[in-house]
There are 2 protein chains.
Amino acid sequence: MAIDHLDGRIIVLLAREPRIGVLEMSRRLGVARGTVQARLDRLQSNGVIRGFGPEVDPAALGYPVTAFATLQIRQGQGADVRAHLATVPEVLELHTTTGTGDMLCRLVARSNADLQRVIDRVVGFDGIVRASTAIVMENPVPLRIIPLVEQAAEDRDRT
Amino acid sequence: MAIDHLDGRIIVLLAREPRIGVLEMSRRLGVARGTVQARLDRLQSNGVIRGFGPEVDPAALGYPVTAFATLQIRQGQGADVRAHLATVPEVLELHTTTGTGDMLCRLVARSNADLQRVIDRVVGFDGIVRASTAIVMENPVPLRIIPLVEQAAEDRDRT
DNA sequence: GTACCAGTGAGCACATTGCCCAGTCGGAGC
DNA sequence: GCTCCGACTGGGCAATGTGCTCACTGGTAC
């Protein structure tokens with residue numbers, strides 16, 4: 001589970017320049033190609049690296065508005081609500097949480113007006129008691145993993 | 001900005017099997033290799049596809065706990081808080097929002113106990129007035145874009 | 001009709017991949 | 001101390017994919 005320093009450098013390098021191949025990585029890191037290949041295989045079968053899917057920008061697709069909705073669910077309706085939300089394309093992500101709400105989901109929409117349509121579709125389902133929505137204005141820190149990977153690699157080193 | 005049906009199929013195919021190359025894609029889609037190559041170049045320079053970074057699973061790195069924190073910021077301290085949060089590796093994402101809170105951030109931690117340390121570090125900063133945290137229990141819908149891409153492609157078709 | 005754009009199918013040199021091997025090194029176990 | 005084992009190295013191989021170019025076609029706008 002824990003990654004060592006070399007694993008960390010591989011992931012960071014890959015995150016910064018995804019297009020580079022195994023050979024180029026081995027050159028930059030100063031290790032043999034087979035080593036990088038073996039590490040990568042291990043990281044993937046470990047599940048540390050889930051995949052290399054394309055990162056798509058919803059804004060560029062015509063969905064510039066992002067929002068987070070906190071949902072309160074009627075007791076026992078959780079599974080139905082999950083299934084319902086999974087059918088809405090504008091729901092990019094869904095979590096069940098502790099705290100005030102029962103679920104938190106990330107939404108996108110074509111405009112603020114369109115967001116109303118999306119929310120109606122999301123909450124237009126029996127098991128949802130209440131929803132409160134926060135519209136995203138800015139995204140100062142986009143989803144990132146590099147600092148965490150570096151942290152994890154250093155923790156390992158100290159051990 | 002808008003993507004057509006072929007663009008949609010390219011992205012979906014790529015999302016499902018990231019390792020396949022341009023040549024294999026052209027075979028599956030029944031179009032010429034040059035076409036796929038040109039489309040991909042356009043999608044990337046458009047910004048629709050931001051990149052192909054590795055998807056790292058924080059849980060596999062030793063951070064199995066995810067939480068969302070809603071922060072209230074003292075007037076005028078926004079920039080400082082942003083800068084502060086950017087230095088915390090466990091902050092994976094940060095948004096400024098409308099609504100009850102002023103910011104929403106995604107955190108990870110090594111354990112529920114460790115989450116306390118992370119939160120202390122996050123809110124241990126002058127500009128933050130209040131924080132309320134929701135711990136993620138389940139993730140029924142992991143971050144996804146395929147349904148949205150298909151939606152966008154169909155909308156385009158209808159036009 | 002002409003110009004233009006997107007797609008096609010083909011060809012080319014080149015680099016990279018996936019795979020195999022023999023050899024070295026360091027640590028763990030006996 | 002000795003041996004075994006796993007990880008890393010450096011090399012070599014055939015096969016494949018890449019980046020690039022070309023001439024040609026079909027549809028569309030002017």
Side-chain angles (χ1 to χ4, degrees), chain A residues 1-57 60-62 149-150 152-159, chain B residues 1-57 60-62 149-150 152-159:
Chain A
M1 289 301 120
I3 63 172
D4 72 4
H5 194 64
L6 181 55
D7 289 325
R9 290 169 67 206
I10 289 177
I11 296 176
V12 170
L13 188 52
L14 216 40
R16 278 201 242 273
E17 304 175 52
R19 309 238 72 174
I20 73 178
V22 176
L23 187 56
E24 179 63 19
M25 293 183 71
S26 71
R27 280 195 282 255
R28 303 251 191 118
L29 298 173
V31 296
R33 181 167 66 111
T35 306
V36 176
Q37 222 144 20
R39 294 299 191 109
L40 265 182
D41 288 348
R42 215 200 48 194
L43 286 171
Q44 292 200 58
S45 57
N46 267 352
V48 174
I49 297 181
R50 268 206 227 92
F52 295 87
E55 291 159 25
V56 176
D57 183 3
L61 273 181
V149 169
E150 284 170 344
E154 280 182 27
D155 287 356
R156 163 72 169 198
D157 283 351
R158 256 192 288 285
T159 308
Chain B
M1 288 303 119
I3 63 172
D4 72 5
H5 195 64
L6 181 55
D7 290 325
R9 289 169 68 206
I10 290 176
I11 296 176
V12 171
L13 187 52
L14 217 40
R16 277 201 242 272
E17 304 174 53
R19 308 239 73 172
I20 73 178
V22 176
L23 187 56
E24 179 62 20
M25 293 183 71
S26 71
R27 281 194 281 255
R28 304 250 191 117
L29 298 173
V31 296
R33 181 167 67 110
T35 305
V36 176
Q37 223 144 19
R39 294 299 191 110
L40 265 182
D41 288 348
R42 215 200 46 193
L43 286 172
Q44 292 201 56
S45 57
N46 267 351
V48 173
I49 297 181
R50 268 205 226 92
F52 294 88
E55 290 159 25
V56 177
D57 183 4
L61 272 182
V149 169
E150 285 170 343
E154 280 181 28
D155 287 356
R156 163 70 170 199
D157 283 350
R158 256 194 288 285
T159 308

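All chains are named by letter (A, B, ...) in the order of the sequence lines, taking the proteins before the strands, and each is independently numbered beginning at 1.
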* Structure fact -> Smallest heavy-atom separation, B:His5 atom then B:Ala153 atom, equals CA-CB, 4.2 Å
* Over how many whole Å does the gap from A:Glu24 atom CD to C:dT16 atom C1' extend? -> 11 Å
* Do any of residues 7-20 of chain A sit with a heavy atom less than 4.0 Å from DNA chain C, and if so which? -> none
* Structure fact -> Rounding to 0.5 Å, atoms CZ (B:Arg33) and CZ (B:Arg27) come to a distance of 10.0 Å
* Sequence-distant partners of A:Asp41, side chain to side chain contact (heavy atoms under 4.5 Å, CB included), two or more places apart -> none
Filtered N/O pairs between nucleotides 4-6 of chain C and protein, under 3.5 Å:
none

* Just checking B:Arg27: base, sugar-phosphate only, or nothing, at a heavy-atom cut-off of under 4.0 Å? -> sugar-phosphate
* Asked: Nearest 0.5 Å, what's the CD1-CD1 distance between A:Ile11 and A:Ile49?
  -> 4.5 Å
* Rounding to a whole Å, what distance do you find between B:Leu23:CG and C:dT8:P? -> 14 Å
* Over all heavy atoms of both residues, which pair between B:Val56 and A:Arg50 is shortest? Give the atoms and the distance, please. => O-NH1, 4.3 Å
List every contact pair, protein side and nucleotides 9-13 of chain C side both N or O, where the distance is under 3.5 Å.
unit_1, atom_1, unit_2, atom_2, d
C:dG11, O6, B:Arg33, NH2, 3.1

* Validation row: B:Asn46, B:Ile3 side chains within 4.5 angstrom (heavy atoms) -> no
* Heavy atoms of chain A, cut-off under 4.0 Å: which first and last nucleotide of DNA chain D, 5' to 3', fall inside that, if you could look? => D:dC8 to D:dG12
* With sequence neighbours left out, write down each residue that passes side chain to side chain contact (heavy atoms under 4.5 Å, CB included) with A:Arg39, or none if nothing qualifies. => A:Asp4, A:Leu6, A:Asp7, A:Ile10, A:Thr35, A:Arg42
* Does A:Gly21 or B:Ala38 map to a spot on DNA chain C nearer the 5' end, using the closest nucleotide for each? -> B:Ala38
* Under the side chain to side chain contact (heavy atoms under 4.5 Å, CB included) test, which residues partner B:Arg28, sequence neighbours left out? -> B:Leu13, B:Glu17, B:Ile20, B:Glu24
* Check A:Asp57 against B:Gly47 and note the closest heavy-atom contact, atom names and distance. => CB-O, 3.4 Å
* Please give the angle, rounded to 10 degrees, between the axes at the start and the end of the helix from C:dG1-D:dC30 to C:dC30-D:dG1, where five pairs define each axis. => 40°
* Structure fact -> For B:Phe52 and A:Arg19 the tightest heavy-atom approach is CE1-NH2, 4.4 Å
* For the student: nearest non-hydrogen atoms of A:Ala15 and B:Pro54, plus distance -> CA-CD, 3.7 Å
* Asked: Rounded to whole angstrom units, what separation is found between the CG atom of A:Asp4 and the C1' atom of C:dG27?
  -> 16 Å
* **A:Gly53 backbone acceptor or donor facing B:Glu55 side chain under 3.5 Å** => yes
